[in-house]
Amino acid sequence: MTVRVRIAPSPTGKLHIGTARTAVFNWLFAHNQGGKFILRIEDTDTARSRSEYTESIKSGLAWLGLNWDEGPIFQSDRFHLYREKIQTLLDKGVAYRCYCTAEELEAMRSAQLARKEAPRYDNRHRNLTEEQEAAFLAEGRKPVIRFKIHDHREIVWKDLVRGTVTWKGSDLGGDMVIARAGDTEDLGVPLYNLVVVIDDIDMSITQVIRGEDHIANTAKQILLYEALGATVPQFAHTPLILNDKGQKLSKRDGVTSIDEFRKMGFLPEAMANYMCLLGWTPPDNEEIFSLEGAASQFSLDRVNKAGAKFDWGKLDWINSQYLHQMPAEQLVELLVPYWQQAGSEIDLEGHRPWLESLTAIIAPSLTRLTDCIAESRLLFGDSIKLDEKAKELLQQEGVAEIIKSVLAAIEDKPQLTESDAKGIIKEVTKTQKVKKGLVMRSLRAGLMGELTGPDLLQSWLLLNQKGWDKTRLHQACRELEIS
RNA sequence: GGUGCUGUAGGCAAAUUGGUAAAGCCCUCUGUCUUUCACGCAGAUGUUUGCGGGUUCAAGUCCCGUCAGCACUGCCA
C-alpha cells in the first residue's frame with residue numbers, strides 16, 4: 001500500500017515551530033517511503049480560523065522546502081461528508097443526542113472535583129426515551145451529539161515511536177462530543193476528533209504522525225475508525241518541543257512562528273535541518289544535512305520518546321555553518337534586504353560587485369543574516385568614528401607619520417590592487433623603520449576607527465574602491481592634530 | 001484528583017535483541033593561525049545513566065517502589 005501521510009494544521013495562528021516540525025517528520029517519512037505528503041487545513045472552528053493564517057502556513061511550509069503532493073484540502077468544504085457520517089453513527093446507535101446544558105455539565109464537573117474524582121461526563125443522556133427528548137426540545141434545548149465510549153473497552157495500538165500503547169475506555173472522560181449544537185443544522189457542527197477520522201479515512205492516510213499531546217485523542221479516534229468500519233492507520237507520536245524550562249513551547253516563550261525565525265535571519269535550510277534534529281538522530285550522526293539527505297535515512301524508530309528541548313545555541317551554530325559555506329554571490333542577495341531595512345546610505349542596487357566583496361569579507365563572522373548590519377557597520381561610508389582604543393593607538397609615537405606616508409602613497413593612485421596595498425605596507429614599514437604590526441594596527445585604526453574587525457587588507461581594498469580610504473585617513477589625521 | 005509519558009556530563013544526545021557507558025555535536029577553556037576579531041584546525045575539562053531495591057555471570061537497557069518534570073483530562077484543534 002502506498003504511504004500517505006498528512007500535516008493537518010489549524011489556521012488559528014501563524015505557522016508554529018511545533019507544527020512545522022511535525023510537518024518535517026511527515027515529509028521525511030513520506031519521502032523515505034516513496035509516499036505522498038498531503039496538506040489539510042483544519043478549519044472547522046470557523047470562529048477562530050482565518051484565511052491569512054492559511055497563507056502563513058502555506059508560505060511557511062514552502063519556505064522550508066516542505067512541498068506537499070496534494071492539497072490543501074479544506075475541512076470547511078466538507079461539512080456535507082461529516083453530516084452524512086454523523087447520521088450513520090446515529091443510525092447505528094453508537095451515537096446519540098445529549099441535551100445537557102453547559103451549566104449542568106459544569107455543576108457535574110465541580111461536584112466530581114469536590115469529591116476528588118476525575119471529572120468526566122456521566123453518560124446521563126445515553127438512553128433517553130423519545131418523550132424525554134421531546135421534553136428537552138420543548139424547553140428549547142439544543143442537543144450535541146455524543147459518541148459512546150464504553151468504560152470496559154481497552155484500546156491498544158502499536159505506536160511507531162512509543163511501542164505498544166494501551167488505554168482504558170474509562171479513562172477517556174465519558175461519551176465524547178462529536179458535534180456541537182449548530183444554529184440551523186440538525187446534525188450540529190462536527191468537531192475535531194470526528195472530522196480528523198473521517199478525513200483520514202477519506203484521504204486513505206496510512207500513518208498518522210503527530211505530537212504526543214494527541215495520544216489520548218488517538219484512543220478516542222480508534223474507536224471512531226471501528227464504528228465507521230474503516231481500517232485503523234498506524235500512529236506515531238513524536239516528542240514535544242520544550243522550552244528551556246522543559247515545558248511545551250508556547251507563544252509565551254517568545255519566538256515560535258516560522259515567520260519570526262525567518263525575520264531573525266535564519267536560513268530555511270538551517271531551520272529545516274535543526275527541526276529534523278528535534279527528536280530524531282540520523283544513524284550516521286552527521287548534524288548538517290539537507291531534507292533530502294535526512295529523508296534517505298529517516299525512520300521513526302530513531303525518533304526519541306523524551307521531549308526535545310529547543311536549543312538556540314545549536315540552531316545558531318547550524319545556521320552559521322550554512323552561512324559560512326554559502327558562495328558570496330548567493331549570500332549577498334540574502335543580505336541586501338537587511339541592509340536596505342537598516343537604511344544603508346549607499347545604493348545597494350548599483351553596487352553588487354562591491355557588496356559581494358564585502359559579503360565575502362564578513363561571511364565568516366555571521367551567525368544570522370541580521371548580523372550583517374553590525375559586521376559591515378565599519379565598511380559603509382566615507383568617514384570613521386574613532387573609539388577610545390583606536391584614538392589611543394593613533395596617538396602613539398610614529399603613528400601619525402605612518403598614516404601620512406600611506407596617504408602619500410595612495411594620493412594619486414586611482415585604484416589599488418592587492419599587491420599594491422601589500423607593497424605600500426612593506427614600503428612604509430621600511431621607510432618609517434617600524435614593525436609591520438604597527439603599520440597594520442595604525443592603518444586599521446585610521447581606516448576603521450576600531451581595532452578589531454574583518455581582514456584589514458581586504459577591507460582596505462574595499463574602501464579604496466570607493467575612495468573612502470583617503471577620506472578616512474585624512475579625517476584621522478585631522479582628529480589627531482586637534483587632540 | 002485521574003491517566004499516560006519521560007529522566008544519560010552545562011545543553012542536544014549515542015549506546016543492535018541486557019554484554020567494557022559516557023561515541024558525536026553545541027557551549028566553555030587552552031593552543032595554533034592572523035595586524036585584530038571571527039572562521040578553520042588541534043586539544044582539554046566534565047562522569048558513572050534521578051534515587052532505592054530486585055532478577056542475572058552481566059542492567060542505561062528487564063521488574064518493583066520512590067521522587068521529579070511534562071502532557072492530556074473541552075460543546076478548541
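In terms of heavy-atom proximity, A:Leu394 sits nearest to A:Ser442 at CD2-O, 4.1 Å.
Across all strands shown, A:Lys116 has heavy atoms under 4.0 Å from sugar-phosphate atoms exclusively, and none from any base. Across all strands, A:Arg210 comes closer than 4.0 Å to no nucleic acid atom at all (heavy-atom distances). Residue contacts for A:Gln321: at a heavy-atom cut-off of 4.0 Å it reaches the sugar-phosphate backbone alone, with no base atom in range. If you check every strand for non-hydrogen atoms under 4.0 Å, A:Asp455 touches a base.
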Notebook entry, point to check: How does each nucleotide of nucleotides 71-77 of chain B score, in 5' to 3' order, for protein heavy atoms under 4.0 Å: base (B), sugar-phosphate only (S), or none (-)?
Noted result: SSSSBBB
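The phosphate of B:C39 has neither OP1 nor OP2 within less than 4.0 Å of any side-chain N or O from A:Ser365. Between A:Lys305 and B:C5, a side-chain N or O to OP1/OP2 separation shorter than 4.0 Å is absent. Between A:Lys436 and the phosphate of B:U35, there is a side-chain N or O to OP1/OP2 separation shorter than 4.0 Å.
Ring pair A:His152/A:His150 is parallel by interplanar angle, where below 30° counts as parallel and above 60° as perpendicular. A perpendicular orientation is assigned to the rings of A:Phe235 and A:Tyr225, their planes being inclined by more than 60° (bins at 30° and 60°). The aromatic rings of A:Trp339 and A:Phe380 sit perpendicular, their planes meeting at an angle over 60°, well past the 30° parallel limit.
Ionic pairing of A:Glu401 and A:Lys404 is not present here: no N-O contact between side-chain nitrogen and carboxylate oxygen is shorter than 4.0 angstrom. A salt bridge links A:Arg124 to A:Asp122: at least one charged side-chain nitrogen sits closer than 4.0 Å to a carboxylate oxygen.
In this structure, a donor-acceptor pair under 3.5 Å is absent between the side chains of A:Asp311 and A:Tyr274.
Shown here, B:A59 forms no base pair; nothing in the strands shown gives a Watson-Crick or G-U wobble contact with both key distances under 3.5 Å.
Near RNA chain B, meaning a heavy atom under 4.0 Å away, there are no residues from residues 418-433 of chain A.
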